[in-house]
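Below: the structure, in structure tokens.
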Amino acid sequence: MSIGKKVALGFLLMIFLMVGQGVFSVIMLNHSDNLMMDINTTRVPLAVTSSDLRESIQTSLSALRGWMLLGEDRFLEERADSWARIETSMEKLGQIPVPISDLYIRNRLVGISSRLRTLRSQEDEIEKTVHTVANLPATRMMQEAVDPLAKKIHDAMTRLMHWEGRRALGSQDVVEVKRSKALLKTMADFRGSFDLSLADVRAFLLTGDEHYPDLFKKQWGRNSGAFVTLQRADFTKRQRAVFAMLEENRRSMEIMIQRVMEIRGGNEWNLATWRLSREVVPLARQLEADIKELSDNQRLRMLKDNAELESLLHRSMQVTMLALVVSIIMGLVAAWWLKRQITRPLKKMASRMRRIGKVIQQRGLDDGGSQNSMDAVEAAEEEKTFHIDIKTPDAIGRAADAYNDLVDALRRANRVENAIGAFSRALSSKLDLARLPKLALDTLFENTNAVAGVIYIVREGELEMMASHGLRDVESISDSDHVRRAQRVGQIQRVLYPEDVKVEALLADFHPREVLVLPIDFKDTSLGILVLAAPEPFPEDIEWLLSVFRQNFGLALKNALAHDHLQQIAALDALTGVYNRHFGFSRLSEEFNRAVRTGSALGIIMLDVDHFKPVNDTYGHMVGDRVLVQVAKTARRALRDGDILVRFGGEEFLAILPGASNKDSQDVAERIRHMVAETQVKDGEQEITVTVSLGVTSYPRSDIEHKEDLVRLADDALYTAKTQGRNRVVMAAQSR
């Protein structure tokens with residue numbers, strides 16, 4: 001098609017779009033007016049009035065409950081106001097012009113009106129029933145007599161707990177502190193059961209449910225038990241005076257509560273409460289659900305209408321803008337078409353060729369400039385900035401294809417160079433000895449034709465496998481002559497295999513054509529060995545790539561080994577060589593979280609050297625340190641594989657036993673106790689024998705929610721072992 005025909009066709013298209021846009025706008029405006037009328041006259045009034053109706057029903061029901069509980073006339077006035085608002089809302093709903101075809105709204109309104117009449121009738125009957133009940137003094141007695149007494153008792157107990165806490169903090173005696181902690185726990189139990197018993201009385205007043213008096217008796221029994229314990233406590237004179245006042249108020253309160261519950265047990269009141277919970281409340285909930293469904297339905301339909309209206313306006317604007325744009329474009333299309341077909345492609349190609357030329361020149365400059373320039377090509381290529389999209393069968397199209405091929409070749413070369421740089425940066429930034437070999441192996445697989453390999457590091461003169469892929473028998477590979485020779489001479493060993501040699505891979509068998517053995521070293525120090533296997537011979541330039549890898553990986557591996565050594569030093573106690581407290585608590589957190597997650601057992605042993613201070617005073621601190629070292633060594637021998645020993649502080653140690661039940665933990669503790677008692681520390685001609693006391697507990701049990709609970713229970717058991725005579729194992733007591 002000629003240029004003139006294309007321009008004429010464009011003008012015809014412009015006229016067609018303008019006429020179509022006018023017709024479309026008229027249709028959209030008419031439909032929009034209908035939607036706006038429907039929203040303003042039906043949807044919005046229905047949604048708003050329905051919300052008012054729901055709120056009024058909730059207020060009326062709350063007022064009826066309040067009047068039944070407190071007997072105050074203001075609740076009846078509030079209920080009357082609520083029903084007046086309900087009637088007003090129903091009148092408004094009846095005046096909304098609902099379309100005849102909308103049967104959903106009409107049926108909903110009829111059902112709501114019928115249920116409202118039933119609700120009003122049932123609430124009135126409950127009000128009449130409660131008017132005849134003479135038991136409202138129960139609530140007033142609760143407010144005027146019981147609640148003030150309860151506040152006095154609560155305040156008195158709070159003061160006692162405050163004084164006892166200060167007493168415990170100011171004491172230096174361990175036994176006194178333990179006694180104060182037990183007394184504070186009893187006080188807390190007293191106050192908790194006391195609050196729960198009052199809550200049961202209030203619930204009985206509100207609902208009339210017969211199981212609340214039983215709950216009250218249970219809580220009051222717990223309260224009485226705690227009170228008997230407090231009566232035997234060794235209080236100060238000031239505490240005893242407050243406790244006497246608390247005892248008198250408690251006796252008075254017990255009598256008043258019994259009177260309140262007797263008054264509340266009337267049959268008429270129970271009947272009214274039963275009807276409220278079984279008839280009125282479900283009916284009100286059903287009404288609220290119906291009204292909410294009606295309101296939500298109207299909101300959804302209103303949102304749908306608004307979305308449709310917005311869509312109509314948006315489409316109308318799009319058509320208008322499209323017609324305007326097409327009108328402008330078609331006026332200039334003839335001149336622009338020729339320019340676009342010939343002039344612009346040639347200018348674009350020349351401009352981008354000049355840019356490519358600058359990049360090629362920049363590669364001859366310094367390394368930083370070359371890298372930045374080629375990175376610019378790579379980043380631009382991702383956005384197709386250097387490509388020219390010309391798909392024509394003429395000479396311009398063929399020139400554009402040749403140019404695009406050149407850009408692709410430069411991009412591929414740049415990616416290889418960037419891969420080497422990224423490889424070096426990635427290795428030099430890693431300090432994690434567990435992840436570094438795997439990263440190095442994966443990077444080599446990506447940049448070579450190797451499909452299997454293994455990396456060893458040198459530990460104590462032996463090769464230890466750190467990462468492998470595609471090979472089964474990695475242990476025997478470390479003993480091969482090629483590996484030993486590469487480690488001895490410090491040079492790459494290339495081994496060509498004949499066709500009939502077969503190596504088993506991880507997923508499938510393959511025939512390696514070549515295996516490379518590369519020693520990894522740093523400053524003439526052997527750090528490890530790399531073995532790579534490929535199904536085809538490696539390219540000739542592989543040794544250059546591996547030399548770059550060898551230098552960077554050697555430095556990275558040296559740093560990772562140094563970092564790993566520092567981490568081990570930071571985790572150990574300087575004297576005993578076991579884990580220090582900070583690292584030990586970190587391991588305890590890990591093992592406790594694992595036990596909670598998997599439901600497995602976790603044992604804890606807290607052990608303390610008996611009479612350690614006399615050892616220091618008699619033989620000196622250096623001998624005391626030797627005793628601690630010997631105890632730590634003995635305990636480590638007694639522990640199982642996988643158990644963890646931590647110096648908790650001073651002469652105290654903590655043993656963490658993953659998977660150990662109560663019985664297992666106790667057996668380990670007894671083994672530690674016997675082995676320590678049988679071990680002697682020599683000081684010249686004297687032989688020093690020490691014993692240890694041990695406290696044991698294990699997870700799971702109901703009173704353990706955090707790792708601190710484990711330590712606390714084991715410490716309490718250790719304290720018990722000390723007080724019972726030392727040199728013994730005590731299991732933590734089970735909670736009741």
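What's counted below: heavy atoms across the whole structure, side chains too, no hydrogens, waters or symmetry copies. Positions are given from 1, in the same order as the sequence printed here.
- Using cut-offs of 30° and 60° for the angle between ring planes, the F190 and F227 rings count as tilted.
- Electrostatic pairing of D155 and K152 does not count as a salt bridge here, judged by no charged N lying under 4.0 Å from a carboxylate O.
- Between E176 and R167, at least one side-chain nitrogen of the basic residue sits less than 4.0 Å from a carboxylate oxygen of the acidic one, meeting the salt-bridge criterion.
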Pair M187-R191, side chain to side chain contact (heavy atoms under 4.5 Å, CB included): steps then yes or no: CA-CA 6 Å; M187 291 178 178; R191 190 167 63 180; over 6 Å; no
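- Residue pairs meeting the salt bridge (Lys or Arg N to Asp or Glu O under 4.0 Å) criterion with at least one member in residues 634-648, sequence neighbours excluded, are D573-R647, R640-D643.
- Outside the 6.0 Å centre-distance limit, the rings of F648 and F653 are not counted as a close aromatic pair.
- Within the cation-pi definition used here (under 6.0 Å to the ring centroid, within 45° of the axis), K707 does not qualify as a partner of F585.
- Partner of S665 under the side-chain contact (heavy atoms from CB on, under 4.5 Å) criterion, out of V729, L657, L602: L657 alone.
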Side-chain donor/acceptor pairs under 3.5 Å, residues 666-673, sequence neighbours excluded:
{"unit_1": "D667", "atom_1": "OD1", "unit_2": "K663", "atom_2": "NZ", "d": "3.1"}
{"unit_1": "D667", "atom_1": "OD2", "unit_2": "K663", "atom_2": "NZ", "d": "2.9"}
{"unit_1": "E670", "atom_1": "OE1", "unit_2": "R673", "atom_2": "NE", "d": "3.1"}
{"unit_1": "E670", "atom_1": "OE1", "unit_2": "R673", "atom_2": "NH2", "d": "3.1"}
{"unit_1": "R671", "atom_1": "NE", "unit_2": "A638", "atom_2": "O", "d": "2.9"}
{"unit_1": "R671", "atom_1": "NH2", "unit_2": "A638", "atom_2": "O", "d": "3.0"}
{"unit_1": "R673", "atom_1": "NH1", "unit_2": "N727", "atom_2": "O", "d": "3.3"}
{"unit_1": "R673", "atom_1": "NH1", "unit_2": "N727", "atom_2": "OD1", "d": "3.3"}

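- When the side chain to side chain donor-acceptor pair (under 3.5 Å) test is applied to E705, no partner is found at least two apart in sequence or on another chain.
- The 12-atom threshold is exceeded at CD of E652, counting heavy atoms of other residues, nucleotides or ligands nearer than 6.0 Å.
- Ion pair K185/D189 flagged as a salt bridge, since at least one NZ, NE, NH1 or NH2 atom sits closer than 4.0 Å to an Asp/Glu carboxylate oxygen.
- The salt bridge (Lys or Arg N to Asp or Glu O under 4.0 Å) contacts involving residues 211-229 comprise nothing, where partners must be two or more places apart or lie in separate chains.
- Ring-plane geometry between Y579 and F583 is classed as tilted, the angle between the planes lying from 30 to 60 degrees on a 0 to 90 degree scale.
- Ion pair R251/E247 flagged as a salt bridge, since at least one NZ, NE, NH1 or NH2 atom sits closer than 4.0 Å to an Asp/Glu carboxylate oxygen.
- Residue pairs that meet the salt bridge (Lys or Arg N to Asp or Glu O under 4.0 Å) test with at least one member in residues 608-632, sequence neighbours left out, are D608-K722, D610-K722, K613-D617.
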Stepwise side chain to side chain contact (heavy atoms under 4.5 Å, CB included) check, Y619 with V627: CA-CA 11 Å; Y619 301 101; V627 169; over 6 Å; no
Working for salt bridge (Lys or Arg N to Asp or Glu O under 4.0 Å), residues D716 and K181: CA-CA 12 Å; D716 291 343; K181 286 184 178 180; over 6 Å; no
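- Remark: S586 engages no residue in a side chain to side chain donor-acceptor pair (under 3.5 Å) (not counting sequence neighbours).
- In this structure, E708 does not pair ionically with R712, as no charged nitrogen and carboxylate oxygen lie closer than 4.0 Å.
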